[in-house]
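Structure record follows, encoded as structure tokens.
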Amino acid sequence: MREVMRMYQVKDKIAFLEQNLTRKRFQHSCNVARAAKQLAQRYGADQEKAYFAGLLHDICKEMPDDEQRRLMLAGDFAPDEAELHSRKLWHGIAGAYFLQSEYGVTDRDILNAVRFHTVGRPGMSLLEEIIYIADMISDERDYKGVTKMRRLAYEDLQAAMLTALTDAIGSVLKKEGLIPQYTIAAYNSYLLHARLEESANAKKGSSS
Ligand SMILES: [Fe+2]
Ligand SMILES: [Fe+2]
């Protein structure tokens, strides 16, 4: 137990973030940590892990490109072709390896939550979904649709994931960017899940 407590201590990490992130990104990281903790409370996940992963999800975001690339390729977090060619996606993969190698984080769920926070994947764990969505609804976010996303996040996390992935894919297509296989597979799996649920509900409705 003592080991676990020490593992998620954040004081030294907060000092690192303060030194290595802009004021704005540092604030974002704190807000994501808070949103993640609240979502964890809502859905019965481990609040301490959620806070920890939320706080550290962008830890590599402002490192030089070369360093992000080195960290991305050093671990066993297998970037796909589109990720390799999309610099903005490197920081999640690099971040997972950074937490593992620099902070000795061994909890694969935390590592995966950081690794997949930009792209998603099919079969995401509850913690992975929480970090993905916390990043979308943190206090400073003010994009069109954020109010709806905040509501959805607390009503139905999987519906929030489907909406977030649909929006993400739509905006990448508009910019003629590459879409990671992980993201496409995640979109398909959440959509399929929603359709299966819909038809199960329809059947229930017609039999009652
Ligand atoms: Fe990020
Ligand atoms: Fe972020």
Side-chain angles (χ1 to χ4, degrees), residues 10 13-14 16-40 45 49-73 75 77-80 82-100 102-103 105 109-121 124-125 127-146 149-150 152-153 157 160-161 163-165 167-169 171-172 175 177-180 182-183 186-187:
V10 291
K13 281 99 185 163
I14 288 175
F16 180 89
L17 293 176
E18 256 186 316
Q19 277 169 13
N20 289 278
L21 297 179
T22 59
R23 188 79 214 146
K24 202 172 158 195
R25 179 118 26 227
F26 175 69
Q27 197 54 57
H28 164 69
S29 301
C30 295
N31 290 346
V32 171
R34 226 181 2 254
K37 191 177 174 188
Q38 285 164 357
L39 285 171
K49 274 195 203 186
Y51 188 88
F52 185 86
L55 184 70
L56 299 174
H57 77 289
D58 275 343
I59 192 163
C60 290
K61 182 108 178 179
E62 286 166 9
M63 288 181 183
D65 289 355
D66 284 358
E67 181 62 359
Q68 288 192 36
R69 194 180 162 76
R70 185 188 72 72
L71 290 164
M72 168 175 73
L73 297 175
F77 296 97
D80 73 20
E83 288 179 303
L84 282 173
H85 290 94
S86 309
R87 191 187 49 79
K88 283 187 174 170
L89 303 178
W90 294 356
H91 72 280
I93 312 161
Y97 181 65
F98 186 87
L99 295 191
Q100 189 180 48
E102 293 295 317
Y103 292 151
V105 176
D109 203 16
I110 290 178
L111 298 175
N112 283 336
V114 172
R115 190 262 176 264
F116 291 105
H117 86 266
T118 50
V119 293
R121 66 162 172 162
M124 289 172 89
S125 71
L127 183 69
E128 288 174 52
E129 291 177 337
I130 284 172
I131 299 306
Y132 190 100
I133 294 299
D135 196 20
M136 300 278 105
I137 63 166
S138 53
D139 278 356
E140 84 294 343
R141 295 280 193 201
D142 61 357
Y143 58 88
K144 193 170 161 266
V146 70
M149 182 57 79
R150 287 193 177 112
L152 205 52
L157 195 56
M161 280 301 307
T163 301
L165 288 163
D167 292 351
I169 289 173
S171 77
V172 176
K175 288 184 263 180
L178 295 163
I179 302 174
Y182 288 117
T183 308
Y187 167 79

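Read the numbers this way: they start at 1 and go in the same order the structure lists the ligands and their atoms. Quantities reported herein were computed from a predicted structural model and do not represent experimental measurements. The basis for the numbers below is simple: all heavy atoms, side chains too, and nothing from hydrogens, waters or symmetry mates.
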Check: Backbone or side chain, does His117 get an N/O/S atom under 2.8 Å to the Fe ion (ligand 2)?
Finding: no

Notebook entry, point to check: Would you call Arg115-Glu83 a salt bridge at under 4.0 Å N-O?
Noted result: yes

Note to self: Evaluate His91 against Gln68 for side-chain hydrogen bond (donor to acceptor under 3.5 Å, both in side chains), listing each step before the verdict.
What the structure shows: CA-CA 6 Å; His91 72 280; Gln68 288 192 36; 5.0 Å; no

Check: So which of the N, O or S atoms of Asp135 lies nearest the Fe ion (ligand 2)?
Finding: OD1

Check: Mind checking whether Tyr103 and Phe98 have parallel, tilted or perpendicular rings, split at 30° and 60°?
Finding: perpendicular

Next item on the list: Please work out the angle at the Fe ion (ligand 2) defined by atom NE2 of His57 on one side and atom OD2 of Asp58 on the other, rounded to 10°.
Entry: 80°

Checklist line | Shortest-distance N/O/S atom, His91 versus the Fe ion (ligand 1) | finding: NE2

Item checked: Spacing of Leu127 atom CG and Asn112 atom CG [to the nearest 0.5 Å] ->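 Rounded to the nearest 0.5 Å, the CG-CG separation comes out at 9.5 Å.
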
